Asker: 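Quick one: structure below, then a few questions.
Values in this document were obtained by computation on a predicted structure and should not be read as measured data. Just so we're on the same page: letters track the sequence lines, and every chain starts at 1.
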Amino acid sequence: MTTVDATTRSPLVVACLRITDLHPEVDLLTGAVTRDGLGVGLSPADAAALEHALRIAEAWTGRVVVVAAGPRYIVPVLREVVALGAAVVRIPYGDDASDHGQAAELAGDEHGLARAVAAALIPFGTPDLVVCGDHSVDRGTGAMPAFLAHELGAAQALGLVALTAERAGQTSGPTLIAERRLDAGWRERLRVPIPAVCSVEGAGVRLRRAPLSGALAAGSAVIASAPATTTTTHGTDGGADSWADNQSGSVHIGATRAFEPRTRVRPAPDSADPRIRLLALTGALVAHDPPTVIGPVGAAEAADALIGFLVRHGYLDGPPTPPAPPTPPAPIDPGDR
Amino acid sequence: MTEPSAFDAVVVGAGPAGSAAALALARAGRSVVMVERGPFAGSKNVYGGVVYGRVLDDIIPTWWNEVPVERWVVRRSTMMMTEDQSLAIDYRSHAWGVAPYNGMTTVRSHFDSWLAGQATEAGAQLVTSTVATGLVRDSAGRVIGIRTDRDGAELRAPVVIACDGVNSLLAKEAGLLPRAEASHYTLGVKEVLDLPAEAINERFGVRGHEGVDIEILGCTRGIPGGGFLYTNAETVSVGVVVSLPHLAEAKVRPEELIADLKAHPSIAPYLRGSHLREYAAHLVPEGGYDTMPTLAADGMMVAGDAAAMTLAAGLWLEGVNFAIGSGYAAGRAADRAIAVGDCSARGLASYRADLENQFVLADHKRLRKAPALVLSERVQQRYPGLLCDLAEGMFTVTNPTPKAGGLRVTRAAAAKHGVKLRELAVDTIRGMRIFG
Ligand SMILES: Cc1cc2nc3c(=O)[nH]c(=O)nc-3n(C[C@H](O)[C@H](O)[C@H](O)COP(=O)(O)OP(=O)(O)OC[C@H]3O[C@@H](n4cnc5c(N)ncnc54)[C@H](O)[C@@H]3O)c2cc1C
């Protein structure tokens, strides 16, 4: 794990932005979506991510790099970002004709995208902090920041409404203080170690305007584009090795497909009353497992409890039994997860 | 406040006038910056829908190969209507559907972005999301730049060209624009409606990239003004342009006028099944030649709608071509003035002379009396009904009663609408003098 050490290098704060057409046309009949690039901009969450990145970099006296995956029509927005003093790199993505092959491969592949983002950052050094908008590049599933955190060997915090830099203590490097909403108007405050990938909501901060001199200078700025490569070598100064190289990773993803719960045969209800039959079939009014509090427990134990629940209720096969040689182990069908 | 930047010229507004001005300057090798308050050129701009491209011939040869066109207008209809009648003069030309074309429907966000792109490709710089908040003057009162809303930073240049559209704040601040009078303005409101291309083609009798322009009189509940219906690729634009003080007096909401127009038996069949996509409203400087500001001051020029250059003369509603023509001329005048080091009002006087020698001021001068005639009570409230009744009288078959003669029908229609034949003759002669 890295710490921000201004004596050896300037801290690197990255804003990973999802720049897209905020007003795409949707055909009422076919549902086809047309993007023309004129409505392209930053969502409130991404604007907040950028502002947080700028503020934290100021607090740490660091550099800001903005990385965004998108087609060529996002370049004008990236110029506005340059006007704010950030370095910028674009990963051709989506319908970018010039890089069609790899760009198309990245579309819809959060893992590949995270690796491309991590690879694009290599020339700038290892990030101390990456801030994403809560609706991040992967259509807002929140998976991409998690993959990115894994790529960078960083901690991850999601759904933040506040993010501030905490000064370095005598024995520790600087950390981040983050806040997120809880039920009933409560908030929890987290101390996030660095390196970290943090996703922020569009709340609490407003993106600053670039000075006129910045806007003028940005007009002719060249926006670098990083190839949509998926090979990363981050982690040499503390972060994890790239996913592909690190077979000790705890998760292995095989082929995926849409979740389809298995059909289960239920005995026909033996009542002449349609209401009773309906109740029996739907299970309404039948006592269910009450909510169970299993914590506080460690992450591994919590995961086991969840998997146990899913297996008990037929959503997952049980854990594979150790293979009896010479038969190879039965793979877990990832489609059932 | 940041260090003022020095350019040869500052252009305020990246509408058609501003982009044309910047293009002329950039082509002349001048350093020019365009300041636009919207996030991109055309983002704020509203118009009916037809641009007449002849003005571009000299500026961007074969512009039709690259302009973002929706449809080429091949059918132009001038319609007069009452509540339940309509009479149209419908003109169709094959020649208008092939290069070099006549008019096109185009979406302003696309068209303005394209034109601004021509300027930036030629070397002009465009700064968006930035509002010019005022003029900067030197101790002698000459305009030497503008202030912006980015931390109050200034942009300095020997010439500022105000292309900031109707009701120009900069022209007012410079004392160039006479005191705004509501009667010099109309309010344009329009709806863009989704309609599949096949439905447009079938209903308007066109195909491929062919389009239709319908200008309408008598559809505004007697409020001086007119209506329009234009076909785009997969949408139609329908709207009205009405006199501002009369609208206020009538206490009618403008969208009610559009609703009336859409429901008219001659218009409704065109729009059946369409969906509202957007609604917009904007002022139009319709006062014409007599209400134009002084065009140049020391260090400053005014072009396009900022200089009240929309030509609204009944048969025509043309603003974009006048904006381009005046903007380009302003850019060239600025270049000449910079070359000789005299950007005073005198040094910039060639701008007006240039406009007098081309369509911009020549058309305005010739048609200077048109707005008054077109917006007059008789033309607006009586003639549409009179003409429709005249047509009805001529075309209604009255067997076994013998056909009435043309004069009798005219007399009857005129009497019904309270028009004396003398007045009709006077207005006809007036019209011929203005438009002839
Ligand atoms: C309803 C309606 C229908 C019309 N129909 C037609 C038609 O069919 N055909 C036609 O040719 N014309 C039509 N016109 C007229 C036409 O729209 C105008 O004549 C034309 O847009 C004028 O161009 P311009 O560049 O002078 O001004 P505008 O197009 O108004 O551009 C002015 C630009 O300046 C920017 N700006 C303003 N103030 C500032 C500031 N302080 N700082 C920075 N930027 C600023 C604005 O955002 C805008 O981009 C119509 C107008 C209306 C309202």
Asker: Heavy-atom distances under 4.5 Å only: say whether A210(A) touches chain B with side chain, backbone, both or neither.
Answerer: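 Answer is both: backbone and side chain atoms of A210(A) are under 4.5 Å from chain B.
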Asker: How many angstroms lie between atom OG1 of T130(B) and atom CG of L212(A), to the nearest 0.5 angstrom?
Answerer: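 So the OG1 of T130(B) and the CG of L212(A) are separated by 6.5 Å.
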Asker: About how many Å separate CG of L216(A) and CZ of R150(B), when rounded to the nearest 0.5 Å?
Answerer: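 It comes to 8.5 Å.
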Asker: How would you list, in number order, the residues of residues 26-47 of chain B that have a heavy atom less than 4.5 Å from chain A?
Answerer: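 Listed by number, the contacting residues are V33(B), F40(B).
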Asker: Could you tell me whether R209(A) and D149(B) have a side-chain N and a carboxylate O separated by less than 4.0 Å?
Answerer: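 Salt bridge flag = yes for D149(B) with R209(A).
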Asker: Sequence neighbours left out, what pairs pass salt bridge (charged side-chain N to carboxylate O under 4.0 Å, His left out) with at least one residue falling in residues 193-202 of chain B?
Answerer: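 Listed by first then second residue: D194(B)-R277(B).
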Asker: Can you run down the side chain to side chain donor-acceptor pair (under 3.5 Å) pairs that involve residues 47-58 of chain A, sequence neighbours left out, and say none if there aren't any?
Answerer: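 Residue pairs with at least one partner in residues 47-58 of chain A: E51(A)-R55(A), E51(A)-R208(A), E58(A)-R208(A).
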Asker: Under 4.5 Å, heavy atom to heavy atom: which of residues 106-114 of chain B reach chain A? Give them by number, or say none.
Answerer: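 S109(B), H110(B), S113(B), listed by number.
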